[in-house]
Amino acid sequence: MTTYVGKPVRRVEDHRFITGRGRYVDDIKLPGMVYAYIVRSPYAHAKILSIDTSQASTAPGVIAVLTGKDLEADGIGGLPCGWQVNFRDGTQMKEPRHPVIAVDKVRHVGEPVAVIIAETREQAKDAAELLTIEYEELPAVVDPQKAVEDGAPLVHDDAPRNLAFDWEIGDKAKTEAAFQEADRIVELELENQRLVPNAIEPRAAIGDYNPGTDHTTLYTTSQNPHLIRLLLCAFVMGLPEHKVRVVSPDVGGGFGSKIFHYNEEVIVTWAARKLKRPVKWTAERSESFLSDRHGRDHRTKVQLALKNDGTFLGLKVRTYANLGAYLSTFAPAIPTYLYGTLLQGVYTTPAIYCEVYGVFTHTVPVDAYRGAGRPEATYLLERIVDLAARELNMDPADIRKKNFIPPFDGIEQPGYQTQVALQYDSGNYEAALNRLLEMANYSEWRRKQQELRSQGRYIGLGLATYIEACGIAPSAVVGALGARAGLYDSATVRVHPTGKVSVYVGVHAHGQGHETTFAQIVADKLGIALEDVEIVHGDTAEIPFGMGTYGSRSLAVGGSAMVRALDKILEKATKIAAHLLEAPESDLEFREGRWYVKGTEKSISFPEVALAAYVPHNYPPDLEPGLEAESFYDPKNFTFPFGAHLAIVEVDPETGEVKLLDYYAVDDFGNIVNPLVVEGQVHGGIVQGVGQALYEEARYDENGQLLTGTFLEYAMPRADEFPMFKVDHTVTPCPHNPLGAKGAGETGTIAATAAVANAVADALQPFGVKHVPMPMTPQRVWTAIQASQQVS
Amino acid sequence: MFPASFDYRVAESIDEAISLYQSADGEARYLAGGHSLIPAMKLRLARPSRLIDIRPIEQLRYIRVGDDGAVHIGSLTTHAEIAASNVVAQHAPLLAQAAKVIGDVQVRNMGTIGGSLAHNDPGADYPAAVLALEATITVQGPNGTRHIAATDFLKDMYETALEPGEIIVDVAVPSYSGWKSTYVKFFHPASRYAVVGVAILANAVGNQVQDIRIAYNGVASCAFRDTAAENALKGKAATDATIAEAANAALNGVDVLSDHFASAEFRKHIGRVYLKRALQELFAG
Amino acid sequence: MGVPIKVTVNGRQYEAEVDPRMLLVHFLRDVLDLTGTHVGCDTSSCGACTVILNGKAVKSCTLLAVQADGAEILTVEGLEQNGKLHPIQEGFREEHGLQCGFCTPGMIMTAYDLLQRNPNPSEAEIRHALEGNFCRCTGYQNIVKAIQYAAAKMSS
């Protein structure tokens with residue numbers, strides 16, 4: 001029996017947001033605060049010949065004009081990369097210096113070149129116009145496949161062919177053999193286009209330094225304040241970690257883009273210490289487009305070998321992953337360990353081989369964006385599976401069912417060992433698909449499709465059955481794979497003398513609703529009211545330590561840490577209760593917030609025990625006073641949510657316009673704490689996934705200028721482009737964490753792109769169109785139809 | 001993001017506005033709703049040294065039928081007001097049809113017809129409508145008042161017949177009571193500007209077309225009337241065949257805009273398909 | 001260079017001298033410390049800065065503070081009356097119409113404008129009214145439901 005867990009509890013954090021009392025970084029005003037404006041490179045690749053600061057530094061209100069040379073003179077290092085992926089031959093990954101402010105050369109449009117600090121935001125920006133920077137423009141390369149060609153401009157002199165690494169996974173020989181045996185091979189070249197995460201809150205940072213105490217505080221729009229503190233202190237600035245506090249207050253969405261340690265965090269911290277005044281920087285949106293880490297950007301060839309009955313025999317994948325100009329914090333992991341390892345999908349494919357080239361180009365660095373590697377894997381897998389179905393004249397649902405991994409719960413049946421390193425925890429893939437087909441009335445849609453086709457209307461049905469790896473991650477495993485950090489998490493449960501509870505968690509909420517969902521777990525576990533619990537996050541001065549929130553890890557990892565801390569609380573509290581009830585612990589029973597002596601009415605409440613812990617007059621002699629517990633939890637494995645989505649689109653073949661008619665999703669997240677919050681995650685993910693399929697694209701011209709660098713060119717999904725989604729779930733608990741939870745943050749983004757891409761291809765089958773590149777804009781759809789009409 | 005500095009003046013009357021313009025050092029600009037100018041100033045694409053706020057000139061805010069029988073719209077009338085106006089709906093619904101699809105709710109609440117026409121963005125929605133409606137734009141400036149036919153007013157991308165210091169004061173649209181009209185738009189998915197916008201205004205009995213005006217915006221650097229398409233239908237019955245003829249005649253010889261979202265070829269194709277479909281719908285039943 | 005303005009915000013009168021280039025959103029946030037209204041973009045696209053000006057929704061990032069001289073402005077902070085949430089605010093909470101909360105004030109003010117003009121909007125009308133507001137978290141579905149909730153509550 002639970003009072004809160006599993007229920008659609010309304011979010012406790014909402015009140016401050018709906019009344020305009022959220023506190024985001026840009027809302028913070030500190031006494032004496034000054035403003036930084038960052039002058040950025042207009043060129044993708046250029047030598048910096050000179051910077052003349054004389055006029056700018058005497059402009060009204062200007063306090064300082066700082067350049068990369070000043071930064072180097074102060075001994076500030078480059079930005080570190082947190083994941084090492086070596087070349088196949090064992091050569092170490094190329095890891096060129098990632099300057100906070102460019103010194104001799106710029107390598108992407110938007111790279112910081114100078115910083116103006118002034119009394120007001122206006123003065124800083126005005127003075128920036130007085131800065132004279134002489135550049136010598138150099139040829140640039142933006143396409144990862146062109147970047148590896150001989151003679152391509154080099155992004156870094158010490159990275160030949162612009163390669164940061166090349167990487168492989170799977171069994172090449174076995175896969176080649178499988179291809180030899182196959183009845184047929186289906187192949188496709190595709191691009192997973194570059195996206196801009198575009199959280200609606202632009203990034204912001206404030207550095208604050210107290211010379212009296214030598215304390216430095218950084219307020220930043222981060223998904224992981226402790227990680228930022230660690231990187232800033234240990235790798236970039238050499239500051240004593242105990243004197244540095246990083247605060248991530250309310251953060252307006254992250255989607256991965258606020259994981260990374262950014263140049264501006266260093267700049268404001270450095271400047272604040274230098275000037276002894278708080279320094280604030282807030283991105284303008286146009287700046288976000290040029291400085292927030294981008295996502296995706298793969299060029300891939302995929303081949304699937306199969307039997308004529310639809311059985312998959314082997315999968316080969318070759319990908320050129322664009323990493324941008326520098327290695328961002330987790331960049332090397334995304335197109336490798338979060339991508340190649342997911343190519344098993346939910347299928348029994350017995351042989352898989354994948355090779356990935358990580359390539360530098362003169363573009364904004366690329367790193368994790370919602371889904372991070374897994375949407376790329378799912379897109380190519382689900383596209384090739386659909387193409388195979390089409391070639392074999394099978395229904396896409398049938399070919400999937402034929403190849404599904406059979407159900408396993410990870411307890412009675414062992415986890416499923418994939419061909420690409422991972423061991424899935426538990427899964428029942430066919431059950432999710434069956435539930436979806438039933439909910440959507442799939443066969444009725446198929447019938448309707450035929451009927452409409454005869455009227456000259458083209459609807460398409462697109463399935464995506466996916467798996468993802470989240471709950472990141474077992475530290476020893478990721479350490480062996482090149483991670484330079486552990487990926488456990490922590491929680492401290494502090495019971496106050498009145499029985500109210502504060503919980504300090506290392507994970508960070510920026511929309512996910514932890515203040516509610518975590519409190520639901522605490523309230524149920526301790527048998528107290530939800531309003532008697534507060535979840536605290538986002539401040540290194542308050543929380544023990546934490547790796548933050550990304551990869552749908554908060555509940556599975558951070559929540560598990562919290563459950564363990566709660567167990568410790570209950571263990572100690574039970575000792576106190578036993579003492580007060582004058583009964584052995586074994587005679588006690590804890591339910592709904594009270595300890596009962598079994599078989600009697602004699603009981604004591606949680607607040608009474610809490611009070612005794614802090615007023616220990618009558619107290620177990622060997623027990624410490626106080627009631628507080630901490631736990632660090634390192635997961636045993638990843639968690640593997642999965643599911644099946646179906647998109648229904650209508651394509652207007654004359655104009656190429658695509659309309660999303662309907663959308664169905666069945667996901668399996670394991671146990672669910674708050675269905676309302678989980679549905680919200682699914683909805684948002686679907687829209688982002690559809691955004692990639694139909695609208696969004698970070699598009700560069702050949703000179704490295706971003707053509708879609710504002711919301712006037714970069715198409716964000718809007719409310720009127722979507723129907724009401726129908727979502728449901730199956731429940732296959734995670735066998736290896738105390739909550740049985742798997743994670744729900746990214747699945748919509750992972751499945752929806754592939755589902756919509758499949759739906760459009762399905763709609764265009766009568767025209768002989770096999771594939772439409774993303775985003776599937778009207779022009780691209782129309783062009784694809786024209787091209788295939790000319791062929792046939 | 002915010003504009004560069006400027007000297008701000010408020011005008012209570014047109015004369016005062018003009019004299020503030022004349023007394024300015026450097027470039028002066030009139031500020032109406034500001035929904036073309038302020039975004040341009042924030043991006044520093046426009047940097048007037050003086051901004052003359054004419055929004056308080058209440059006399060420029062009206063929609064009424066004049067003695068000449070035409071609908072007169074004061075230049076400070078917002079898109080939302082035009083979209084909701086009964087007078088416009090009765091006499092020149094085409095203008096409301098265009099106004100309804102400009103920007104978004106918030107933009108329509110602030111943006112004005114005068115500001116939009118003075119800006120003459122190729123992707124704006126009014127230009128095709130005022131061309132089809134053969135509107136007259138009245139401007140007032142240091143040298144007095146001029147009445148300019150819409151077709152002469154809209155010169156090229158971001159270029160109009162406005163001389164320095166002139167303010168649009170009135171947009172007059174003859175009454176087209178009883179005519180059929182429509183404005184169809186192929187939206188840019190990000191900016192919501194028209195990649196293609198087609199305004200059609202037809203005087204027809206049943207499907208017998210006595211007169212028809214077809215105008216495009218979005219397609220080329222400036223909005224224009226497509227007389228070849230009009231001639232394919234004028235004086236004829238609108239049938240599938242004549243409509244197809246009109247669509248095929250449309251956009252010939254036009255220097256069509258091209259960008260990565262819509263190539264010239266695709267834009268032209270959409271322009272024709274949208275025209276065909278709009279005509280079919282207009283003359284259906 | 002300061003220009004004097006008088007505005008009424010959430011029922012309270014303010015007088016201030018402002019730099020003419022100051023945008024209304026910066027006036028609200030920086031001068032009046034009403035930080036509920038947010039800046040999400042620089043191209044009048046995202047709607048996070050939406051406020052009600054003289055009864056109508058506007059994007060306060062595309063308005064100079066001086067243009068608001070004499071105006072009555074309502075921001076998200078002014079919706080709650082005597083400690084009681086406005087039905088739109090309540091709708092957003094009840095229907096989980098927000099996640100990170102950053103677009104929320106703009107969404108709420110746009111909904112306010114819609115329900116004023118159209119107390120009983122259809123789903124399509126609600127979605128259309130939100131064409132000038134971006135949300136990256138919710139997928140819009142629960143925002144639509146939140147507005148439906150408010151419409152029902154306000155008309156009952």
Side-chain angles (χ1 to χ4, degrees), chain A residues 8 10-11 13-24 26-29 121-122 197-202 250-255 282 284-288 509-513 676-677 679-688 690 710-712 716-722 724-725 748, chain C residues 19 21-22 26 29-30 33-46 48 75-80 85-86 88-90 92-106 108 123-124 126-145:
Chain A
R10 300 314 189 253
R11 297 201 323 171
E13 48 271 77
D14 285 357
H15 191 261
R16 67 178 185 270
F17 296 126
I18 58 182
T19 54
R21 263 86 183 179
R23 186 168 177 262
Y24 300 89
D26 191 47
D27 298 340
I28 297 171
K29 230 198 259 183
R121 183 172 44 207
E122 288 76 10
N198 277 326
I200 305 298
E201 179 203 26
D250 288 327
V251 172
F255 314 109
T282 305
E284 297 180 343
R285 176 60 61 184
S286 311
E287 228 181 334
S288 309
H510 29 281
Q512 294 87 342
L676 199 64
V677 166
E679 274 187 23
Q681 290 290 317
V682 174
H683 295 163
I686 291 170
V687 164
Q688 271 174 307
V690 176
T710 74
F711 283 149
L712 297 179
M716 292 280 280
R718 293 175 207 251
D720 58 1
E721 291 154 341
F722 294 90
M724 285 289 186
F725 312 133
Chain C
D19 182 348
R21 65 168 158 168
M22 178 181 274
H26 289 141
R29 289 178 54 78
D30 300 346
D33 288 326
L34 294 170
T35 54
T37 304
H38 298 147
V39 181
C41 76
D42 44 25
T43 46
S44 318
S45 308
C46 79
T75 72
V76 69
E77 290 95 341
L79 281 177
E80 206 179 1
L85 292 178
H86 188 281
I88 300 172
Q89 294 173 307
E90 204 183 300
F92 271 74
R93 186 188 61 200
E94 287 304 309
E95 297 293 345
H96 187 34
L98 65 149
Q99 290 179 28
C100 80
F102 196 80
C103 78
T104 311
I108 288 177
E123 183 200 327
I126 293 171
R127 287 183 182 274
H128 181 66
L130 299 177
E131 69 185 324
N133 291 75
F134 294 163
C135 172
R136 198 57 154 167
C137 296
T138 64
Y140 301 105
Q141 181 149 326
N142 288 346
I143 294 178
V144 174
K145 285 195 197 166

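Keep in mind that what you see is a predicted model, and the values were worked out from it rather than measured.
Between A:His683 and C:Cys137, the closest side-chain pair of non-hydrogen atoms is not below 4.5 Å. In this structure, C:Arg29 and A:Lys29 have side chains that are not in contact, with every pair of non-hydrogen atoms separated by 4.5 Å or more. When side chains are defined from C-beta on, C:Arg93 does not count as touching A:Arg11, because their heavy atoms never get closer than 4.5 Å. In this structure, A:Phe17 and C:Pro105 have side chains that are not in contact, with every pair of non-hydrogen atoms separated by 4.5 Å or more. Side-chain contact between A:Arg121 and C:His26 is present, with heavy atoms from C-beta onward closer than 4.5 Å. Here the side chains of A:Asp26 and C:His38 are not in contact, with every heavy-atom distance at 4.5 Å or above. Contact of the A:Glu679 side chain with the C:His96 side chain is not registered, since no non-hydrogen atoms from C-beta on lie closer than 4.5 Å. Between C:Arg127 and A:Phe722 there is a side-chain heavy-atom pair separated by less than 4.5 Å.
Only the side chain of C:Thr104 comes within less than 4.5 Å of a heavy atom of chain A; its backbone N, CA, C and O stay farther away. Residue A:Val690: no heavy atom, backbone or side chain, is found under 4.5 Å from chain C. Using a 4.5 Å cut-off between heavy atoms, A:Asp250 makes no contact with chain C at all. For chain A, the nearby parts of C:Asp30 are the backbone and the side chain; heavy atoms of each come within less than 4.5 Å. Heavy atoms closer than 4.5 Å to chain A are found in the side chain of C:Glu80, but not in its backbone. When heavy atoms are compared at a cutoff of 4.5 Å, C:Ile143 does not approach chain A at all. Contacts of A:Pro717 with chain C are made by both backbone and side-chain atoms, with heavy-atom separations under 4.5 Å. The contact between C:His128 and chain A is made by backbone and side chain atoms together, counting heavy-atom distances below 4.5 Å. Residue contact with chain A, scored on non-hydrogen atoms closer than 4.5 Å, is absent for C:Leu79.
Residue with the most contacts toward chain C among A:Ile200, A:Asp720, A:Val687: A:Ile200 (heavy-atom pairs, distance under 4.5 Å). Among C:Ile88, C:Leu85, C:Leu98, the residue with the largest count of heavy-atom pairs under 4.5 Å with chain A is C:Leu98. Of all the listed residues (C:Thr75, C:Thr37, C:Asp33), the one sharing the greatest number of non-hydrogen pairs under 4.5 Å with chain A is C:Asp33. Ranked by heavy-atom pairs shorter than 4.5 Å toward chain C, the options A:Arg21, A:His510, A:Arg718 are led by A:Arg718. Note on C:Glu95, C:Gln141, C:Glu77: by heavy-atom pairs under 4.5 Å with chain A, the leading option is C:Gln141. Interface summary for chain C: among A:Gly684, A:Ala509, A:Pro202, A:Ala719, the most heavy-atom pairs under 4.5 angstrom belong to A:Ala719.
Across every non-hydrogen atom of C:Cys41 and A:Phe711, the tightest pair is CB-CD1, 3.4 Å. Between A:Leu676 and C:Glu94 the shortest heavy-atom distance is CD2-O, 4.4 Å. Shortest non-hydrogen contact noted between C:Asp42 and A:Arg285 is OD2-N, 3.3 Å. For the pair A:Ile18 and C:Val76, the tightest heavy-atom approach, listed with the atom from each and the gap, is O-CG2, 3.3 Å. Pairing each heavy atom of C:Gln99 with each of A:Gln681, the nearest pair is OE1-NE2, 3.4 Å. In this structure, C:Cys100 and A:Gly252 approach most closely via the heavy-atom pair SG-C, 3.3 Å.
With sequence neighbours excluded, no residue forms a ring-ring contact (aromatic ring centres under 6.0 Å, His included) with C:Phe92. With sequence neighbours excluded, the residues forming a side-chain hydrogen bond (donor to acceptor under 3.5 Å, both in side chains) with A:Glu13 are A:Thr516, listed by chain and number.
Without hydrogens or angle criteria, A:Tyr24 side chain to C:Gly101 main chain gives a donor-acceptor distance under 3.5 Å. Listed for the C:Arg136 side chain is no donor-acceptor partner under 3.5 Å among the backbone atoms of A:Met716.
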